[in-house]
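Beneath this line is the structure, given in structure tokens, with notes to follow.
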Protein chains: 4
Amino acid sequence: MARKTGRQFFANPGPTNIPDSILRAMDRPTIDFMDGEFAELFNTAVGGLKRVLRTTGDVFIYTASGHGSWEATLVNLFSPGDLVLVVETGWFSEGWAAMAAKFGLRTKTVAAPDWRRGVEYAAITAALKETPEAKGVLCVHNETATGMMLDLPSVRAAIDSAGSDALLLVDTISSLGSLEFRFDDWGIDAAVGGSQKGLMLPTGCSFTAVSAKAMKVHASSTMARHYFDWSEMTKRSFRAFMGTIPTGMFYGLAESVRLIELEGLDGVITRHHRLAEGVRRAVRTWSGNVGGPELFCLSPDRLSDSVTAIKFPEGFNSDAVRKTALEKFNVSTGGGLGKLGGQVMRIGHLGDLNEPMILGTLGAVEMSLKINGVPHGRGGVDAAMEYLAEAA
Amino acid sequence: MARKTGRQFFANPGPTNIPDSILRAMDRPTIDFMDGEFAELFNTAVGGLKRVLRTTGDVFIYTASGHGSWEATLVNLFSPGDLVLVVETGWFSEGWAAMAAKFGLRTKTVAAPDWRRGVEYAAITAALKETPEAKGVLCVHNETATGMMLDLPSVRAAIDSAGSDALLLVDTISSLGSLEFRFDDWGIDAAVGGSQKGLMLPTGCSFTAVSAKAMKVHASSTMARHYFDWSEMTKRSFRAFMGTIPTGMFYGLAESVRLIELEGLDGVITRHHRLAEGVRRAVRTWSGNVGGPELFCLSPDRLSDSVTAIKFPEGFNSDAVRKTALEKFNVSTGGGLGKLGGQVMRIGHLGDLNEPMILGTLGAVEMSLKINGVPHGRGGVDAAMEYLAEAA
Amino acid sequence: MARKTGRQFFANPGPTNIPDSILRAMDRPTIDFMDGEFAELFNTAVGGLKRVLRTTGDVFIYTASGHGSWEATLVNLFSPGDLVLVVETGWFSEGWAAMAAKFGLRTKTVAAPDWRRGVEYAAITAALKETPEAKGVLCVHNETATGMMLDLPSVRAAIDSAGSDALLLVDTISSLGSLEFRFDDWGIDAAVGGSQKGLMLPTGCSFTAVSAKAMKVHASSTMARHYFDWSEMTKRSFRAFMGTIPTGMFYGLAESVRLIELEGLDGVITRHHRLAEGVRRAVRTWSGNVGGPELFCLSPDRLSDSVTAIKFPEGFNSDAVRKTALEKFNVSTGGGLGKLGGQVMRIGHLGDLNEPMILGTLGAVEMSLKINGVPHGRGGVDAAMEYLAEAA
Amino acid sequence: MARKTGRQFFANPGPTNIPDSILRAMDRPTIDFMDGEFAELFNTAVGGLKRVLRTTGDVFIYTASGHGSWEATLVNLFSPGDLVLVVETGWFSEGWAAMAAKFGLRTKTVAAPDWRRGVEYAAITAALKETPEAKGVLCVHNETATGMMLDLPSVRAAIDSAGSDALLLVDTISSLGSLEFRFDDWGIDAAVGGSQKGLMLPTGCSFTAVSAKAMKVHASSTMARHYFDWSEMTKRSFRAFMGTIPTGMFYGLAESVRLIELEGLDGVITRHHRLAEGVRRAVRTWSGNVGGPELFCLSPDRLSDSVTAIKFPEGFNSDAVRKTALEKFNVSTGGGLGKLGGQVMRIGHLGDLNEPMILGTLGAVEMSLKINGVPHGRGGVDAAMEYLAEAA
């Protein structure tokens with residue numbers, strides 16, 4: 001295989017770039033996880049994770065990818081036949097709903113007219129009033145497939161104003177450590193997260209933060225489970241039921257938290273917003289008045305700061321452009337998921353990033369548009385630079 | 001915390017020492033796993049894993065620890081109410097049986113009079129004749145808790161001579177890549193394995209090899225499942241349902257297979273036997289005729305070549321000796337699990353090991369026996385050296 | 001110190017970006033360098049280095065930086081009082097001449113009217129005719145301080161047409177592995193190189209390739225020397241007099257050669273030209289007709305493909321812009337050396353690079369020009385993209 | 001090449017085992033060494049090095065191996081024709097004397113009757129009285145070739161009692177960071193050290209600590225020099241004349257000092273003594289009364305705590321035993337240097353070591369003695385364990 005020189009610009013919305021200091025922290029020999037040194041590290045790492053989640057409650061950790069954490073959260077909180085409300089935002093919310101159905105839950109969906117628009121919060125209230133027996137509301141904070149966010153305090157308010165007792169379950173996989181998220185303050189009941197996005201770790205661990213209210217509900221759940229069983233985990237010293245612990249991941253997590261807190265969690269969030277806006281300036285320039293690629297999201301208050309989905313004009317395949325970017329310029333972007341395949345390119349801008357990394361990515365995409373003959377307004381990178389120079 | 005100098009001698013029976021070249025292979029930036037480079041690597045790595053398993057059949061891989069693979073294997077092959085026969089060999093076989101019960105399976109156990117003796121293979125035949133409805137036989141090839149092996153061809157024969165159709169499920173977690181194991185030749189139906197033992201990788205991946213017969217049975221299983229669902233996985237390009245793929249693990253696996261095949265799988269097995277025998281010579285010398293620590297296993301044909309369990313004399317706590325070895329000499333050994341706590345020390349000798357590593361471990365243990373006033377015959381290390389010099 | 005996020009864009013003309021696979025190859029435990037494994041590696045690595053040098057002759061390697069290699073080459077080839085001709089190209093040629101003087105050599109310089117213009121090759125011939133006793137001609141293939149190259153075949157021809165026997169000594173530190181260089185074909189007598197530029201290794205090793213003619217001259221050199229003595233080295237098995245061998249460097253070198261040959265040496269050279277031209281397009285756009293920063297080099301046939309020196313307009317300090325690029329955008333560029341301090345910015349574009357890395361660097365520089373109020377034509381990055389998209 | 005499993009036990013007296021945390025600290029991308037972050041690191045690292053040297057004076061650092069530091073120290077302190085007194089202790093003191101001669105120094109040697117005995121300190125006084133014009137005394141603190149130490153305060157006293165002004169130059173390459181060494185308190189004038197021994201770093205840097213008195217003498221030295229010139233270095237911001245700085249080495253050095261100070265410099269010295277004594281107990285047992293291998297050093301007050309040289313009985317080749325240890329057991333030991341070739345095996349026990357590493361090494365050597373039929377008293381490892389258990 002021919003050599004691609006230089007660093008791959010990894011602008012997929014996840015996994016994300018892993019800082020060298022995290023990779024090195026994880027590159028270490030096997031140690032005895034029953035030794036005091038590991039216990040200290042574990043507590044440091046998990047304590048840090050809670051600060052990033054902004055919770056003082058329980059967090060259960062799994063040797064699993066994000067899908068495992070989804071499943072864990074469902075099987076610990078519900079019983080077969082329970083009804084859950086799903087806030088449809090795209091491919092990932094669909095997936096979670098499908099999983100719930102597999103475990104015998106009944107699902108009801110609230111959705112916008114199409115994926116390019118955000119669900120009205122009032123629709124959540126309305127749906128809950130219709131089905132007061134709903135036990136949970138499932139939503140995705142940041143839908144990686146469409147580059148759209150939910151305002152979680154608004155979701156919370158929507159549930160409250162329906163007078164519902166339903167638990168609020170949130171997938172924070174592509175928002176945690178990138179966008180503002182406050183587990184305790186916002187009244188979240190269960191937050192699903194993974195290692196490989198804003199925490200800048202390799203894939204391999206996922207987790208659920210759980211509210212006191214949710215822990216009470218858990219006690220009466222009758223779902224069969226073992227690998228993901230929170231009750232089993234609370235009996236264990238490391239409060240994580242994984243059999244053998246992936247110790248390296250916790251060395252990585254401790255370093256991740258150190259990096260995040262060195263920059264400051266607020267600083268991290270501000271930087272993500274700044275870089276995201278740079279990307280959006282470029283995309284808007286490409287749209288121009290020539291029918292070029294445009295922002296997929298049509299609800300301005302839902303634009304994601306961790307991933308931007310770009311809708312391609314009819315007749316042009318986003319995957320062809322992605323292929324050029326990857327093969328000619330060593331820049332990896334995300335494609336359209338599910339029914340958006342070929343229509344959408346997604347640029348991830350979360351994790352360990354800076355301005356020149358964004359500009360390099362945008363430059364490669366702009367060159368690939370040109371090479372593929374996709375109509376577009378010129379000067380996207382210029383527009384991003386204009387904004388980023390000012391914002392610096 | 002005070003600095004422990006030098007390398008920790010990691011003689012726990014798992015996880016095991018990770019060779020530097022595997023750590024380095026895994027220490028790499030995030031790459032696009034949809035890129036052709038990763039697909040090539042994935043196929044190389046999984047192809048190698050199959051050669052180590054000695055199978056040409058299906059292997060399903062999970063982002064999970066070994067417990068996840070146990071669960072995956074149960075939920076894909078059985079339906080609630082099914083009866084499975086459990087061959088009791090120690091703490092891990094107990095654990096698997098308990099898990100089966102959680103998922104609504106009925107379990108029946110065949111056991112030896114106590115854990116220090118091996119189950120008679122004829123007892124398996126007898127039990128299956130009594131319960132011809134049994135759908136599976138669960139057994140642990142190498143019971144890490146007691147340092148005892150099963151002869152799997154004898155188990156296969158025992159099932160066959162009962163005229164039973166039950167699937168043979170085997171936990172190979174602490175045997176694969178260390179002891180002889182032949183999936184296809186021995187008529188295994190499902191083999192559960194993990195990354196962190198004989199494959200010399202970090203904890204984080206586990207897998208099940210599945211026979212054609214088992215795949216047929218899978219089709220009629222009614223257990224609720226998603227994260228571990230083989231049917232879902234077969235639809236995916238990487239034939240592993242994990243959401244985001246832990247790419248680093250496959251770089252590690254490819255290197256692991258390279259190392260194993262450089263030595264030769266037979267060479268690996270021979271070396272494990274040689275080093276294990278060295279350890280046993282030392283233990284037998286410690287036993288002496290002074291009532292010193294002795295081999296836990298009383299059935300000579302069941303002695304494990306990957307882990308040796310050592311029973312301590314009454315009145316002496318194995319954990320005190322382990323603590324000395326760890327704190328004074330930076331040597332980590334395993335303790336007694338479950339009801340064997342405090343009575344047993346386990347020396348793992350699997351994975352990336354050589355003679356001086358074994359001698360250093362035995363030396364630290366012998367010094368720790370002395371420091372703790374545990375009666376023992378002197379010259380254990382000498383006896384190991386005597387044997388290992390000759391065997392070299 | 002505040003955290004700079006993302007990767008530092010290292011666009012200094014040296015050292016250069018080290019590919020991850022080289023870093024990992026070097027990250028390994030100490031091994032016995034008298035063992036056969038190392039001997040094999042050493043030969044592989046040095047064999048590869050010779051192919052990169054395009055020589056079949058002798059190469060002597062030092063644990064030293066490039067300055068050590070300069071010194072080694074002088075003390076092995078000359079005797080106190082010898083006259084050497086120095087082709088002045090900038091700060092580095094000056095440095096080498098000053099070093100020669102310290103060791104008692106007499107130096108004579110040929111220069112262009114100023115550093116922005118290339119020396120006429122005919123001037124070399126003329127100078128040698130005036131001083132037929134000259135024993136050597138010292139020149140720098142690629143002057144890192146000014147971003148200007150020499151055409152070495154023209155230098156060789158200039159020496160020959162003077163009928164001179166002088167040895168041709170060339171500093172290839174910032175050209176080898178980036179620009180075309182042919183030791184044997186071009187009649188070079190001694191080539192000085194270092195690990196940390198086109199070979200993409202850390203600083204720490206340097207070397208001299210030596211022609212048969214030069215080896216003969218070496219035999220009569222009377223300079224005191226030991227650490228760098230080629231005669232001592234030829235007695236040693238590893239033909240490199242360094243006392244203890246820095247083994248890691250050879251693991252790195254073997255990987256470096258593997259990467260270079262995977263791309264192909266010609267491919268490496270072509271890529272350097274392409275990326276360099278992209279940088280020049282940007283600089284020419286910045287110059288515009290507004291008196292912006294401009295290419296330092298005024299002789300078009302001397303433009304370097306591994307480093308571009310940019311002259312700032314009067315009244316604007318290049319170091320202020322460099323500071324902005326480093327502190328706000330984590331992009332490191334080179335400053336003016338010696339008398340060019342504050343007047344020049346140097347962008348290194350050698351080693352392990354690709355298009356988006358170049359665009360990210362140019363983008364950060366363009367934003368920094370803007371932030372510092374340096375007059376410049378807009379659209380430098382655009383111009384680079386225009387070219388690079390076409391050249392891709 | 002067949003795979004050697006497990007870690008290589010590196011018991012050569014140098015280079016030494018590099019702790020993983022040092023390797024990882026060095027495994028990092030190129031950074032801008034003119035950036036403030038590096039300056040801070042450099043100062044931290046060099047400050048720590050001075051504490052290890054126990055000096056508050058000047059330290060000059062070279063990108064060079066130990067031989068470079070020897071040369072640097074000579075060419076900065078003397079002028080052609082100067083007389084230096086050499087305290088002969090073995091192969092390395094011979095080498096340094098030979099180097100001095102190459103640079104035009106006159107050398108005079110004081111020696112014991114043979115290398116197995118230590119030089120009388122009174123002989124140094126006597127020699128200096130005979131040659132009051134001597135400008136320097138060259139000695140090797142710990143002669144790696146013979147495993148013998150000098151008591152430096154006694155050397156200092158010997159010089160003082162001769163009323164000599166000669167500078168005291170000491171090679172601390174295999175003692176610094178392992179044996180007690182106090183530059184300021186002991187009145188040393190120049191101490192030569194390297195990265196790859198007690199500092200546990202890769203080969204690649206060496207240095208000289210210099211007293212105020214020596215700096216004055218330096219001012220009048222007329223030796224030609226450049227790469228190693230202290231006067232040039234004092235002009236530079238990093239006070240180290242190396243051209244490009246090997247930045248990775250300073251990340252490693254900072255980590256090395258951190259590890260040393262975590263254990264405590266006194267703790268490091270005590271541990272080296274303890275492990276060395278364990279090795280000596282083994283060797284004395286091998287000697288037995290059967291004419292087995294014995295301690296090379298016959299002067300008990302000169303036994304080195306960082307390396308043990310073992311003399312083999314007539315008719316038995318030490319290299320054959322070393323070959324067995326390396327090939328069969330992956331243990332690397334040192335051979336006899338110069339005229340001791342084939343007669344001596346050297347076990348290095350300096351740097352990052354612990355008890356099981358020593359026992360594993362001794363075990364491999366004892367097995368190799370047996371395999372090669374070398375007569376020896378059995379139970380060497382046992383004797384080491386007896387001592388180490390008590391000393392723990």
Side-chain angles (χ1 to χ4, degrees), chain A residues 1-9 11 17 19-20 23-24 27 200 258-264 267-268 271 275 324-325 327-331 351-371 378-382 384-392, chain C residues 1-9 11 17 19-20 23-24 27 200 258-264 267-268 271 275 324-325 327-331 351-371 378-382 384-392:
Chain A
M1 189 162 294
R3 165 159 149 74
K4 289 176 186 152
T5 60
R7 272 237 150 174
Q8 184 173 80
F9 276 53
N17 294 290
D20 282 288
L23 283 173
R24 280 329 90 68
D27 180 353
M200 306 173 289
R258 192 187 71 79
L259 293 177
I260 287 172
E261 299 192 335
L262 190 58
E263 188 178 1
V268 170
R271 172 171 56 84
L275 298 179
T324 300
E327 293 184 357
K328 286 201 185 294
F329 305 120
N330 208 1
V331 170
D352 190 44
L353 286 174
N354 57 28
E355 279 81 354
M357 291 167 89
I358 290 291
L359 295 178
T361 297
L362 294 174
V365 172
E366 189 164 335
M367 291 192 295
S368 301
L369 291 173
K370 184 182 162 77
I371 289 170
R378 280 193 52 173
V381 175
D382 253 13
M385 283 167 56
E386 182 81 14
Y387 170 77
L388 292 171
E390 216 143 287
Chain C
M1 189 163 294
R3 165 158 149 74
K4 288 177 188 151
T5 60
R7 272 240 150 172
Q8 184 172 80
F9 277 52
N17 294 292
D20 281 288
L23 283 172
R24 280 329 89 71
D27 180 353
M200 308 173 288
R258 192 187 70 82
L259 294 176
I260 287 171
E261 299 191 334
L262 191 57
E263 187 178 1
V268 170
R271 172 172 54 86
L275 298 178
T324 299
E327 294 184 356
K328 287 201 186 292
F329 305 120
N330 208 2
V331 171
D352 189 44
L353 287 174
N354 56 28
E355 279 80 353
M357 292 167 88
I358 291 291
L359 295 177
T361 297
L362 293 174
V365 171
E366 189 163 336
M367 292 192 294
S368 301
L369 289 173
K370 183 181 161 79
I371 288 170
R378 280 193 54 172
V381 175
D382 254 12
M385 283 167 56
E386 182 80 14
Y387 170 77
L388 292 171
E390 215 141 290

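In what follows, chains are A, B, ... by sequence order, proteins preceding strands, each numbered from 1. Bear in mind that the values here come from a model prediction, so they are computed numbers and not experimental data.
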**Contact leader toward chain A among C:Ala325, C:Pro356, C:Gly360, where contacts are heavy-atom pairs under 4.5 Å** = C:Pro356

**Prompt:** Would C:Arg7 and A:Asp20 satisfy side chain to side chain contact (heavy atoms under 4.5 Å, CB included), going step by step from the backbone distance to the final call?
**Reply:** CA-CA 9 Å; C:Arg7 272 240 150 172; A:Asp20 282 288; 2.8 Å; yes

**Prompt:** What distance do A:Tyr387 atom OH and A:Leu275 atom CG have between them, rounded to the nearest 0.5 Å?
**Reply:** 8.5 Å

**Message:** With chain C as the partner, which of A:Asp27, A:Leu23, A:Asn354 has the greatest number of non-hydrogen pairs under 4.5 Å?
**Reply:** A:Asn354

**Request:** Pick one of side chain, backbone, both or neither for A:Lys328, based on which atoms fall under 4.5 Å of a heavy atom in chain C.
**Result:** both

**Asked** Do the non-hydrogen side-chain atoms of C:Leu262 and C:Arg258 ever get within less than 4.5 Å of each other?
**Response** yes

**Request:** Using a cut-off of under 4.5 Å on heavy-atom pairs, state which of A:Ala389, A:Gly379, A:Gly267 scores highest against chain C.
**Result:** A:Ala389

**Largest heavy-atom contact set with chain C, pairs under 4.5 Å, which of A:Leu359, A:Thr324, A:Val268, A:Asp352** = A:Asp352

**Message:** Evaluate A:Ile358 against A:Leu353 for side chain to side chain contact (heavy atoms under 4.5 Å, CB included), listing each step before the verdict.
**Reply:** CA-CA 7 Å; A:Ile358 290 291; A:Leu353 286 174; 4.2 Å; yes

**Item:** When C:Glu390, C:Glu386, C:Met200 are compared by non-hydrogen pairs under 4.5 Å with chain A, the top option
**Value:** C:Glu386

**Request:** Determine, step by step, whether A:Val331 and A:Gln8 satisfy the side chain to side chain contact (heavy atoms under 4.5 Å, CB included) criterion, reporting the C-alpha distance in whole Å, the side-chain angles of both residues, the deciding distance to 0.1 Å, and the verdict.
**Result:** CA-CA 6 Å; A:Val331 170; A:Gln8 184 173 80; over 6 Å; no

**Prompt:** Where does C:Phe9 contact chain A at under 4.5 Å (heavy atoms): side chain, backbone, both or neither?
**Reply:** side chain

**Item:** Structural part of C:Arg378 lying under 4.5 Å from a heavy atom of chain A
**Value:** side chain

**Toward chain A, the part of C:Arg24 with a non-hydrogen atom under 4.5 Å** = side chain

**Message:** Less than 4.5 Å to any heavy atom of chain C: does that hold for the side chain of A:Leu388, its backbone, both, or neither?
**Reply:** both

**Test log, rule side chain to side chain contact (heavy atoms under 4.5 Å, CB included), inputs A:Glu366 and C:Asp382** = CA-CA 10 Å; A:Glu366 189 164 335; C:Asp382 254 12; 4.2 Å; yes

**Asked** Charged N to carboxylate O under 4.0 angstrom, A:Glu327 versus A:Lys4?
**Response** no

